[in-house]
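Any value given below was found using the heavy atoms of this structure, including those in side chains, with hydrogens, waters and symmetry copies removed.
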Amino acid sequence: MGEHDPGMPQRGEVLVRLHAAALNFADLLMLQGSYQDTPPRPFIPGMEGSGVVLAAGETSGLRPGARVLVQAQGTMAQSNIFPADACLPIPDSMSHEAAAGFAIAYGTSHLALTRRAALQPGETLAVLGAAGGVGLTAVEIGAALGARVIAVARGADRLAAARDAGADLCIDSDTCPDLKAALRQAGGVDVVYDPVGDAPGEAAFGALNRGGRFLVIGFAAGRPPRLPLNHALVKNIAIHGFYWGGYRSLKPASLRDSLTELLAMYDAGRLHPHVGATLPLERLPEGYDLLASRKTIGKIIVTI
């Protein structure tokens, strides 16, 4: 991966010297060949990263020396060529490590909560997997949007991280015998953010208030939740599937606008990315093991 020779950028492309890249659960699915957008083999892993532009093709809009985050396949390399529209300048206040894991996790939560669920101040948001790479960002953004946030995670350390990110109420899924009852006892939920799936997703769906919204983010538990559509009908519940990468073709302007808003929030000190582990590129297999174990809090970053 580090020996890759990308050549020179063409029109609308940039050559980026990568300084850091982030691991995502989708990276594991790609290795297994089960991800919806798995590229043909052989491919360079890594869906997001950060670095410095070395060379820029015509119409790229970027100049050599620009510090950028990258949202494209192939970031686990010393350098690579990317579409210019997959790169966004980052503020001077942002480190490459923070930028590398910023786009997908924060972008997923921001677009899902604002554009799909239309989360409003004062509403109650339940976040499953609240200490994971995307879960923590959902807690943080939900709190920034003025929602009452209930974080569901496993163990005291994860719940402490969610509380630090702005959660108003924390539920330990390891010790909670009935998640649906616990959420109902807390007053019910207006929006569920579910990157977990399976039984936790089903339980949280059952706690939705009338007119609630359920965000299908991912299936870290291994299978999608079995959601009762008859309940969705009777309670006027909306189920939103959300795939951040799909916005590149579905609504690219919305994706870029969202990231621009998020970078401004970061520069203003309103967002604080949590890096759970930082490893050099030669320890990438160890990073995949950490990701699969689901034992880290926040993002796993690889330095290059």
Side-chain angles (χ1 to χ4, degrees), residues 24-26 28-29 32 34-37 104-105 107-120 122-139 141-142 145 147-154 158 162 167 169-247 250-251 294:
N24 290 278
F25 190 73
L28 287 178
L29 299 180
Q32 299 162 4
S34 58
Y35 190 60
Q36 61 263 28
D37 275 349
I104 294 177
T108 294
S109 294
H110 187 260
L111 267 177
L113 292 173
T114 59
R115 270 66 166 186
R116 303 295 280 179
L119 181 67
Q120 300 299 308
E123 289 190 317
T124 297
L125 165 69
V127 180
L128 307 185
V134 293
L136 268 180
T137 66
V139 171
I141 291 172
L145 293 172
R148 171 178 175 251
V149 182
I150 302 176
V152 181
R154 303 175 64 179
R158 289 182 173 86
L169 174 65
C170 295
I171 296 175
D172 190 335
S173 56
D174 272 346
T175 60
C176 178
D178 189 337
L179 178 58
K180 180 169 73 173
L183 290 172
R184 283 181 169 176
Q185 186 175 1
V189 177
D190 299 301
V191 176
V192 171
Y193 183 97
D194 180 19
V196 177
D198 207 349
E202 295 162 18
F205 182 88
L208 276 168
N209 298 325
R210 293 183 180 275
R213 289 86 77 200
F214 188 94
L215 291 165
V216 182
I217 304 297
F219 314 117
R223 72 167 179 85
R226 296 188 177 99
L227 303 180
L229 296 185
N230 57 323
H231 291 189
L233 185 154
V234 172
K235 296 174 68 175
N236 286 297
I237 290 171
I239 301 169
H240 296 285
F242 187 85
Y243 168 41
W244 184 83
Y247 265 68
L250 178 66
K251 292 183 178 178
R294 295 168 59 192

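Residue A112 comes nearest to I217 through the heavy atom pair CB-CD1, 4.1 Å, listed as atom of the first residue, atom of the second, then distance. The minimum heavy-atom distance linking A232 with I239 is given by the pair CB-CD1, 4.4 Å. Across all non-hydrogen atoms, the minimal contact from A131 to R158 is CB-CB, 3.4 Å. Minimum heavy-atom separation, A207 to L183: CB-CB, 3.5 Å. In terms of heavy atoms, G129 sits closest to V196 at N-CG2, 3.6 Å. Nearest heavy atoms, A147 versus L125: CB-CB, 4.4 Å.
Residues R213 and H240 form a side-chain contact, since some pair of their non-hydrogen atoms from C-beta on lies under 4.5 Å apart. In this structure, the side chains of Y193 and T108 come closer than 4.5 Å at one or more pairs of heavy atoms. Annotation: side chain of L233 is not in contact with side chain of L229 (no heavy-atom distance under 4.5 Å). Under the 4.5 Å side-chain criterion, counting only non-hydrogen atoms from C-beta, R148 is in contact with T124.
The one candidate from V216, L128, V127 that meets the side-chain contact (heavy atoms from CB on, under 4.5 Å) condition with D194 is L128.
Remark: L215 CG to F242 CZ distance equals 8.5 Å, nearest 0.5 Å. In this structure, I237 CD1 and L208 CG are separated by 4.5 Å, a value rounded to the nearest 0.5 Å.
Put simply, the side chain of E202 gets close to the backbone of R226: a donor and an acceptor are under 3.5 Å apart. In this structure a side-chain-to-backbone donor-acceptor pair under 3.5 Å is present from R184 to G206. T137 places no side-chain N or O within donor-acceptor distance of the main-chain N or O of S109, the cut-off being under 3.5 Å. Although no hydrogens or angles enter the test, the distance criterion places no donor-acceptor pair under 3.5 Å between the side chain of N24 and the main chain of A26.
In this structure, R115 places its CZ atom where more than 12 heavy-atom neighbours from other residues, nucleotides or ligands lie under 6.0 Å away. Applying the 6.0 Å contact sphere to NZ of K235 captures more than 12 heavy atoms from other residues, nucleotides or ligands.
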Determine, step by step, whether N236 and R210 satisfy the side-chain contact (heavy atoms from CB on, under 4.5 Å) criterion, reporting the C-alpha distance in whole Å, the side-chain angles of both residues, the deciding distance to 0.1 Å, and the verdict.
CA-CA 6 Å; N236 286 297; R210 293 183 180 275; 5.8 Å; no
task: Test I171 against L179 for side-chain contact (heavy atoms from CB on, under 4.5 Å), laying out the working first.
output: CA-CA 8 Å; I171 296 175; L179 178 58; 4.1 Å; yes
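Residues that satisfy the salt bridge (charged side-chain N to carboxylate O under 4.0 Å, His left out) test with D190, not counting sequence neighbours, are absent from this structure.
Relative orientation of the F205 and F214 rings is perpendicular, given thresholds of 30° and 60° on the angle between their planes.
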